[in-house]
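Only a predicted model underlies this, so the values are computations on that prediction, with no experimental measurement involved.
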Number of protein chains: 2
Amino acid sequence: MLKNQRVTDKEDRSPRPVTMETVARLAGVSQVTVSRALNEPDKVSPATLARIRHAIAVTGYVPNLVAGALASKRSKLIAALIPSITNIVYSSLMQHFSQAVRASGYQLLMSETGFSQDEEQELVAKLLTRRPDAVLLTGIRHSDPCRHMLLGAGIPVVEVWDVTETPIDTCVGFSHTEAGKAVAAFVRENGYRRAANVSAGDERALRRKDAFARALIEAGFASVPEVCFEGGASIERGRLALARLVDEQAFRDGVIFCSSDLLAHGVLIEAQARGLRVPEDVAVIGFGDQVFAAHTLPPLTTVRVDRALLGERAASALLARLNGVEVPEKTIDIGFEIVRRATA
Amino acid sequence: MLKNQRVTDKEDRSPRPVTMETVARLAGVSQVTVSRALNEPDKVSPATLARIRHAIAVTGYVPNLVAGALASKRSKLIAALIPSITNIVYSSLMQHFSQAVRASGYQLLMSETGFSQDEEQELVAKLLTRRPDAVLLTGIRHSDPCRHMLLGAGIPVVEVWDVTETPIDTCVGFSHTEAGKAVAAFVRENGYRRAANVSAGDERALRRKDAFARALIEAGFASVPEVCFEGGASIERGRLALARLVDEQAFRDGVIFCSSDLLAHGVLIEAQARGLRVPEDVAVIGFGDQVFAAHTLPPLTTVRVDRALLGERAASALLARLNGVEVPEKTIDIGFEIVRRATA
DNA sequence: TTGAAAGCGCTAACAT
DNA sequence: ATGTTAGCGCTTTCAA
């Protein structure tokens with residue numbers, strides 16, 4: 001007998017994974033019943049349910065969602081592409097979005113595009129390989145192959161942080177052109193005669209900047225000097241920007257519109273280092289209304305975008321489509337708001 | 001004929017997904033050959049390879065990794081658990097880690113624990129459901145069920161940001177106790193007679209704080225007042241902390257050790273708002289050496305931890321084990337470094 | 001170099 | 001309330 005066993009189990013030294021079948025045998029039911037106990041417990045009698053739960057506890061069974069996803073064609077995965085995970089503007093959006101979709105049982109597969117369309121396209125290809133149930137994209141500019149892949153996948157897509165009449169599927173955000181114009185109007189209403197732009201290399205930031213400058217030029221400003229950086233915003237770059245504006249572009253006084261609060265904070269610090277008074281000598285307007293904006297010296301005037309709302313709206317747009325609900329509006333504009341504090 | 005077709009395809013209105021089989025038929029080969037063309041192109045003749053590639057382009061075939069993962073028992077997925085995605089300390093670690101593992105074809109499934117062990121445990125359960133090939137955890141404190149699940153999964157695990165003699169599998173980080181002591185030594189060497197702590201509610205931060213205070217008390221300091229916050233660090237809380245220290249704890253002068261650069265920055269701002277000179281009245285030491293630390297006013301003295309190195313080491317520890325390489329050391333200490341600038 | 005067959009662990013019909 | 005059967009779209013043997 002013993003010998004027989006030895007012969008039987010040969011090289012069988014790989015630990016068999018615990019599957020539904022394992023649990024089923026222990027509970028004295030069939031494998032499907034275990035599946036039901038997990039997915040539709042009401043359809044299983046209390047007695048069997050208890051036996052199955054016990055068997056699960058005893059075996060330490062962990063459901064295999066990759067098998068489940070293959071069989072059901074639903075992965076319960078949402079792919080999300082953001083430009084940069086270290087940029088709080090995007091990471092906090094992900095935080096809210098993630099929370100909202102998790103409540104419906106979805107997990108997030110997140111990747112960074114580094115603000116590159118090519119990278120984004122490659123990542124979309126990689127991500128679709130996991131058969132996500134939906135996709136979140138940042139911005140409305142995407143390569144054609146990217147759009148095609150997404151369209152071909154036939155899954156809900158939401159583009160965030162911007163609005164367009166022609167989204168891939170749905171989009172939720174606000175108009176960056178309008179934001180730039182609104183800040184220009186604010187600047188004029190407050191009697192500034194000179195203005196400058198400081199901007200990071202974000203396509204949307206550039207559109208705000210351009211709209212801002214255009215509106216001011218049209219209103220009679222002689223020129224709107226600017227300092228633009230490739231890549232991300234930082235306090236260091238904000239300091240550098242003011243230095244350049246003052247030292248190289250002869251910017252003496254006026255208001256500076258920054259494409260992010262981080263840059264604005266840098267401008268504030270550099271102004272202080274140079275003994276420039278804010279807002280008397282240089283006024284500063286940020287963008288984003290990050291948590292620290294209310295606590296700089298002086299408190300920062302900025303443009304608020306409700307990122308929590310953005311995340312929730314993006315999630316509910318996707319969840320609605322995943323639940324087969326008809327969504328009337330393809331485009332949701334959550335707007336923005338100028339928060340006046342003390343720097344302008 | 002036409003009629004026949006109609007009858008044949010009944011209700012067949014669901015678009016058949018493009019599978020390897022689809023590609024195979026178009027290329028005139030069997031399905032396995034397509035699989036080989038994708039995974040081991042050298043084992044396929046150039047001619048067939050070309051036909052297959054053409055067929056893939058024509059059909060827009062997107063490989064199904066969920067099927068692949070089920071069959072191969074390798075998901076090419078790494079699960080990562082961090083306390084908070086909006087904390088740059090963790091998000092930048094993820095950025096580096098992600099880059100390193102992506103180079104080997106792995107994707108990241110990331111979730112936030114919100115500094116909670118219970119949440120972490122729940123997330124581990126959820127994540128294991130996706131059958132990741134490896135797991136990254138933040139810190140060395142985990143619930144017992146969490147450890148069990150991970151051990152049971154039989155996959156490589158790396159714990160980051162801390163070191164211990166008894167990791168679940170491997171760990172890479174540095175000693176927070178040693179960091180606290182080192183800062184205390186720095187404080188004494190520089191002749192400070194009074195010190196305080198400002199800390200966020202991070203278990204590791206608390207250990208640094210305690211080691212710092214203990215070392216100073218042992219060295220004869222009368223007391224080390226402290227302000228601790230539950231939850232994350234912020235500039236606002238840094239400002240509030242200095243206010244409390246001065247207004248409520250009669251902290252008149254000395255050095256303040258902050259558990260993060262963000263808190264330190266807040267202290268700096270509040271000091272300025274109160275007309276306190278830095279470092280003459282209050283000296284400040286941060287933690288993390290974030291990019292902005294060199295650009296505050298004055299530039300911030302802080303403790304540098306090489307997060308890029310941490311991410312890379314964590315990745316290579318995991319990748320080595322995934323490749324079946326024997327890893328001699330279970331624990332990697334990447335150390336830290338006090339960066340002296342102008343605030344202390 | 002290529003193919004046939006057998007699963008991976010689950011869910012989706014369809015019985016009973 | 002429970003079970004049977006048939007896949008999901010791949011990879012892994014093993015043959016040819």
| said: If you assign A/D42 and A/A71 each to the DNA chain D nucleotide with the nearest heavy atom, which residue ends up on the more 5' nucleotide? | reply: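 Of the two residues, A/D42 wins.
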| query | Do the non-hydrogen side-chain atoms of A/L310 and A/H96 ever get within less than 4.5 Å of each other? | reply |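 Sidechains of A/H96 and A/L310: no contact.
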| message | Can you confirm whether A/V135 sits close enough to A/L81 that some side-chain heavy atom of one is under 4.5 Å from a side-chain heavy atom of the other? | response |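 When only atoms from C-beta onward are counted, A/L81 and A/V135 do not touch, as no gap falls below 4.5 Å.
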| Distance-minimising heavy-atom pair for A/P83 and A/T113 |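 Heavy-atom minimum between the residues: CA-OG1, 3.3 Å.
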With a 3.5 Å cut-off and sequence neighbours excluded, list the donor-acceptor pairs that the side chains of residues 149-164 of chain A form with protein atoms.
{"unit_1": "A/E159", "atom_1": "OE1", "unit_2": "A/H142", "atom_2": "NE2", "d": "2.9"}
{"unit_1": "A/E159", "atom_1": "OE2", "unit_2": "A/I168", "atom_2": "N", "d": "2.7"}
{"unit_1": "A/D162", "atom_1": "OD2", "unit_2": "A/R207", "atom_2": "NH1", "d": "3.1"}
{"unit_1": "A/D162", "atom_1": "OD2", "unit_2": "A/R207", "atom_2": "NH2", "d": "2.4"}
{"unit_1": "A/T164", "atom_1": "OG1", "unit_2": "A/T166", "atom_2": "N", "d": "3.0"}
{"unit_1": "A/T164", "atom_1": "OG1", "unit_2": "A/T166", "atom_2": "OG1", "d": "3.3"}

Please give, in whole Å, the distance from [N] [atom2] to [X] [atom1]?
| X | N | atom1 | atom2 | value |
| --- | --- | --- | --- | --- |
| B/R25 | C/dG3 | CZ | P | 14 Å |
| A/E21 | C/dC8 | CD | C1' | 13 Å |
| A/R16 | C/dC8 | CZ | C1' | 12 Å |

Qualifying residues under salt bridge (Lys or Arg N to Asp or Glu O under 4.0 Å), relative to [X], sequence neighbours excluded:
| X | result |
| --- | --- |
| B/E326 | none |
| B/R74 | none |
| A/D133 | none |
| A/E21 | A/R25 |

| request: Residues of residues 54-68 of chain B with any non-hydrogen atom less than 4.0 angstrom from an atom of DNA chain C: list those, numerically ordered, please. | output: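 Contacting residues: none.
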| request: Using a 4.0 Å heavy-atom cut-off across all strands, classify B/R131 as base, sugar-phosphate, or nothing. | output: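 B/R131: no heavy atom of the nucleic acid under 4.0 Å.
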| query | So what does A/K43 hit on the nucleic acid, given a heavy-atom distance under 4.0 Å: a base, only sugar-phosphate, or nothing? | reply |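 Base contact.
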| Within the pair A/S35 and C/dT11, is there a side-chain N or O less than 4.0 Å away from OP1 or OP2? |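 True: A/S35 side-chain N/O within range (under 4.0 Å) of C/dT11 OP1/OP2.
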| said: Is it the case that atom CD in B/E40 sees more than 12 heavy atoms from other parts of the structure closer than 6.0 Å? | reply: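 Yes.
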| Quick one: which of B/V44, B/V34, B/L49, B/V23 gives a side-chain contact (heavy atoms from CB on, under 4.5 Å) with B/V29? |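 One option only clears the test, and that one is B/V34.
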| said: For a 4.0 angstrom threshold against heavy atoms of chain B, report the outermost contacting nucleotides of DNA chain D in 5' to 3' order. | reply: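 Going 5' to 3' along DNA chain D, contacts run D/dG9 to D/dT12.
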Contact list for [range], test salt bridge (charged side-chain N to carboxylate O under 4.0 Å, His left out), sequence neighbours left out:
| range | answer |
| --- | --- |
| residues 134-158 of chain A | A/R141-A/E203 |
| residues 308-319 of chain B | none |
| residues 91-115 of chain A | A/R102-B/E119 |

| field | Of residues 26-33 of chain B, the positions that come close to DNA chain D - non-hydrogen atoms, cut-off under 4.0 Å | value |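 Hits under 4.0 Å, by residue number: B/Q31, B/V32.
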Between the protein and nucleotides 14-16 of chain C, which nitrogen or oxygen pairs come in under 3.5 angstrom?
none

